[in-house]
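To start, the structure itself, in C-alpha coordinates.
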Amino acid sequence: MSNFWDNVQPAVKKETKNVAVSTAVGVVIMWGVFAVLHMVMPDKVPLDYTVFLGGICGGLIAVMNFFLMGITVQKVAASTDEDAARSRMKASYSQRTMIQMLWIIVAIAAPCFHFVAGIAPLLFPGMGIKIMGIIKK
(Lines give C-alpha, C1' and ligand atoms only; values in the text may rest on other atoms or scores of the structure.)
Protein backbone atom coordinates (compact mmCIF):
# COMPACT_ATOMS: atom_id res chain seq x y z
CA MET A 1 0.00 0.00 0.00
CA SER A 2 1.45 3.32 -1.06
CA ASN A 3 1.83 6.13 1.42
CA PHE A 4 0.34 9.53 0.50
CA TRP A 5 3.68 11.25 1.12
CA ASP A 6 5.39 8.95 -1.37
CA ASN A 7 3.32 10.52 -4.16
CA VAL A 8 4.22 14.09 -3.21
CA GLN A 9 7.08 15.46 -5.29
CA PRO A 10 10.21 16.57 -3.41
CA ALA A 11 9.81 20.15 -4.67
CA VAL A 12 6.31 20.38 -3.14
CA LYS A 13 7.60 18.98 0.16
CA LYS A 14 10.56 21.37 0.20
CA GLU A 15 8.57 24.48 -0.65
CA THR A 16 5.79 23.58 1.79
CA LYS A 17 8.44 23.20 4.51
CA ASN A 18 9.87 26.63 3.59
CA VAL A 19 6.40 28.17 3.69
CA ALA A 20 5.67 26.49 7.03
CA VAL A 21 8.89 27.86 8.53
CA SER A 22 8.31 31.39 7.20
CA THR A 23 4.69 31.30 8.38
CA ALA A 24 5.76 30.12 11.85
CA VAL A 25 8.33 32.93 12.01
CA GLY A 26 5.66 35.40 10.92
CA VAL A 27 3.26 34.15 13.60
CA VAL A 28 5.93 34.47 16.31
CA ILE A 29 6.74 38.01 15.13
CA MET A 30 3.01 38.80 15.15
CA TRP A 31 2.79 37.55 18.73
CA GLY A 32 5.72 39.81 19.61
CA VAL A 33 3.93 42.79 18.08
CA PHE A 34 0.82 41.88 20.07
CA ALA A 35 2.96 41.72 23.24
CA VAL A 36 4.48 45.15 22.62
CA LEU A 37 1.12 46.68 21.77
CA HIS A 38 -0.39 45.04 24.86
CA MET A 39 2.29 46.65 27.02
CA VAL A 40 1.58 50.05 25.48
CA MET A 41 -2.22 49.75 25.30
CA PRO A 42 -3.33 46.92 27.62
CA ASP A 43 -6.99 47.99 27.47
CA LYS A 44 -7.17 47.90 23.67
CA VAL A 45 -4.83 45.06 22.62
CA PRO A 46 -5.22 41.71 24.35
CA LEU A 47 -2.50 39.15 24.85
CA ASP A 48 -4.42 36.04 25.82
CA TYR A 49 -5.21 32.59 24.52
CA THR A 50 -7.34 34.03 21.69
CA VAL A 51 -4.27 35.66 20.13
CA PHE A 52 -2.20 32.47 20.37
CA LEU A 53 -5.00 30.18 19.19
CA GLY A 54 -5.85 32.51 16.30
CA GLY A 55 -2.20 32.61 15.21
CA ILE A 56 -1.79 28.85 15.35
CA CYS A 57 -5.00 28.07 13.47
CA GLY A 58 -4.49 30.84 10.92
CA GLY A 59 -0.95 29.65 10.29
CA LEU A 60 -2.13 26.07 9.80
CA ILE A 61 -4.79 27.20 7.32
CA ALA A 62 -2.21 29.25 5.41
CA VAL A 63 0.28 26.35 5.16
CA MET A 64 -2.49 23.90 4.24
CA ASN A 65 -3.62 26.26 1.47
CA PHE A 66 -0.10 26.38 0.03
CA PHE A 67 0.30 22.59 0.26
CA LEU A 68 -3.02 22.00 -1.52
CA MET A 69 -1.94 24.41 -4.23
CA GLY A 70 1.33 22.51 -4.62
CA ILE A 71 -0.48 19.18 -4.91
CA THR A 72 -2.80 20.65 -7.54
CA VAL A 73 0.08 22.07 -9.56
CA GLN A 74 1.82 18.68 -9.36
CA LYS A 75 -1.29 16.94 -10.72
CA VAL A 76 -1.87 19.59 -13.41
CA ALA A 77 1.75 19.32 -14.56
CA ALA A 78 1.36 15.56 -14.96
CA SER A 79 -1.87 15.94 -16.94
CA THR A 80 -1.92 15.61 -20.71
CA ASP A 81 -5.39 17.12 -21.19
CA GLU A 82 -5.00 20.91 -21.17
CA ASP A 83 -8.71 21.64 -20.65
CA ALA A 84 -8.97 19.21 -17.76
CA ALA A 85 -5.83 20.69 -16.22
CA ARG A 86 -7.21 24.21 -16.53
CA SER A 87 -10.51 23.11 -15.01
CA ARG A 88 -8.73 21.36 -12.13
CA MET A 89 -6.65 24.46 -11.40
CA LYS A 90 -9.74 26.70 -11.39
CA ALA A 91 -11.62 24.31 -9.11
CA SER A 92 -8.67 24.10 -6.73
CA TYR A 93 -8.37 27.89 -6.59
CA SER A 94 -12.08 28.22 -5.82
CA GLN A 95 -11.96 25.55 -3.12
CA ARG A 96 -8.87 26.99 -1.47
CA THR A 97 -10.35 30.49 -1.54
CA MET A 98 -13.56 29.12 0.03
CA ILE A 99 -11.56 27.44 2.80
CA GLN A 100 -9.82 30.74 3.55
CA MET A 101 -13.08 32.68 3.50
CA LEU A 102 -14.70 30.18 5.86
CA TRP A 103 -11.70 30.50 8.18
CA ILE A 104 -11.98 34.30 8.11
CA ILE A 105 -15.66 34.06 9.05
CA VAL A 106 -14.85 31.64 11.88
CA ALA A 107 -11.94 33.81 13.08
CA ILE A 108 -14.23 36.83 13.23
CA ALA A 109 -17.31 35.11 14.65
CA ALA A 110 -15.86 32.66 17.17
CA PRO A 111 -14.95 34.25 20.49
CA CYS A 112 -12.07 31.80 21.02
CA PHE A 113 -10.04 33.53 18.27
CA HIS A 114 -8.72 37.07 18.05
CA PHE A 115 -9.75 38.02 14.54
CA VAL A 116 -6.57 39.90 13.62
CA ALA A 117 -4.35 37.11 14.96
CA GLY A 118 -6.40 34.60 12.98
CA ILE A 119 -6.48 36.47 9.67
CA ALA A 120 -2.97 37.97 9.52
CA PRO A 121 -1.19 34.59 9.11
CA LEU A 122 -2.96 34.12 5.78
CA LEU A 123 -0.64 36.84 4.46
CA PHE A 124 2.58 35.31 5.79
CA PRO A 125 3.23 32.65 3.10
CA GLY A 126 3.24 35.28 0.34
CA MET A 127 5.49 37.58 2.33
CA GLY A 128 7.81 34.68 3.19
CA ILE A 129 8.10 33.63 -0.45
CA LYS A 130 8.93 37.20 -1.49
CA ILE A 131 11.50 37.63 1.28
CA MET A 132 13.15 34.29 0.42
CA GLY A 133 13.26 35.34 -3.23
CA ILE A 134 15.07 38.55 -2.28
CA ILE A 135 17.49 36.73 0.02
CA LYS A 136 18.33 34.07 -2.57
CA LYS A 137 19.09 36.72 -5.22
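- Atom NZ of Lys75 sits about 12.0 Å away from atom CE of Met89, to the nearest 0.5 Å.
- Both Val116 and Leu53 are assigned to one and the same hydrophobic cluster, defined by single-linkage of ILVMFWY side chains at heavy-atom distances under 4.5 Å.
- The shortest side-chain heavy-atom distance between Leu122 and Ile104 falls under the 4.5 Å cut-off.
- Each side-chain hydrogen bond (donor to acceptor under 3.5 Å, both in side chains) pair with one or both residues in residues 53-65, not counting sequence neighbours, appears once here: Asn65-Arg96.
- In this structure, the side chains of His114 and Pro46 come closer than 4.5 Å at one or more pairs of heavy atoms.
- Hydrophobic clustering keeps Val73 apart from Val12 (ILVMFWY residues linked when any side-chain heavy atoms are closer than 4.5 Å, directly or through intermediates).
- Nearest heavy atoms, Ala62 versus Pro125: CB-CG, 3.6 Å.
- Within a 6.0 Å radius of CZ in Phe115, no more than 12 heavy atoms belonging to other residues, nucleotides or ligands are found.
- At a threshold of 4.5 Å between side-chain heavy atoms, the hydrophobic network of Ile, Leu, Val, Met, Phe, Trp and Tyr places Met132 and Val28 in two separate groups.
- Follow the hydrophobic side-chain contacts under 4.5 Å out from Phe52 and you reach Leu60 in the same cluster.
- When atom types are taken as modelled, the side chain of Ser92 and the backbone of Arg88 share no donor-acceptor pair closer than 3.5 angstrom.
- Atom CD1 of residue Ile134 and atom CD1 of residue Ile129 lie 12.5 Å apart, to the nearest 0.5 angstrom.
- The closest side-chain heavy-atom distance from Phe113 to Ile108 is not below 4.5 Å.
- Residue pairs satisfying the side-chain hydrogen bond (donor to acceptor under 3.5 Å, both in side chains) criterion with at least one member in residues 10-31, sequence neighbours excluded, are absent.
- Trp103 has its side chain within reach of Val106: a pair of non-hydrogen atoms, C-beta onward, lies under 4.5 Å apart.
- In terms of heavy atoms, Met30 sits closest to Ala117 at CE-O, 3.6 Å.
- Taking every heavy atom of both residues into account, Val27 and Phe124 meet most closely at N-CE1, 3.5 Å.
- Side-chain atoms of Gln74 come within 3.5 Å of backbone atoms of Gln9 as a donor-acceptor pair (strictly under, hydrogens ignored).
- In this structure, Ile105 CD1 and Gln100 CD are separated by 12.0 Å, a value rounded to the nearest 0.5 Å.
- The distance from atom OG1 of Thr72 to atom CZ of Phe67, rounded to the nearest 0.5 Å, is 9.5 Å.
- Note on Met101 and Ile119: same hydrophobic cluster, where clusters join Ile, Leu, Val, Met, Phe, Trp and Tyr whose side-chain heavy atoms are under 4.5 Å apart, directly or indirectly.
- The two residues Ala107 and Gly118 make their nearest non-hydrogen contact at CB-CA, 4.4 Å.
- Contact of the Met64 side chain with the Ile99 side chain is registered, since non-hydrogen atoms from C-beta on lie closer than 4.5 Å.
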| message | Under the criterion side chain to side chain donor-acceptor pair (under 3.5 Å), I'd like the reasoning laid out for Asp81 against Ser79: C-alpha separation, chi angles, the key distance, then a yes or no. | response | CA-CA 6 Å; Asp81 183 1; Ser79 177; over 6 Å; no
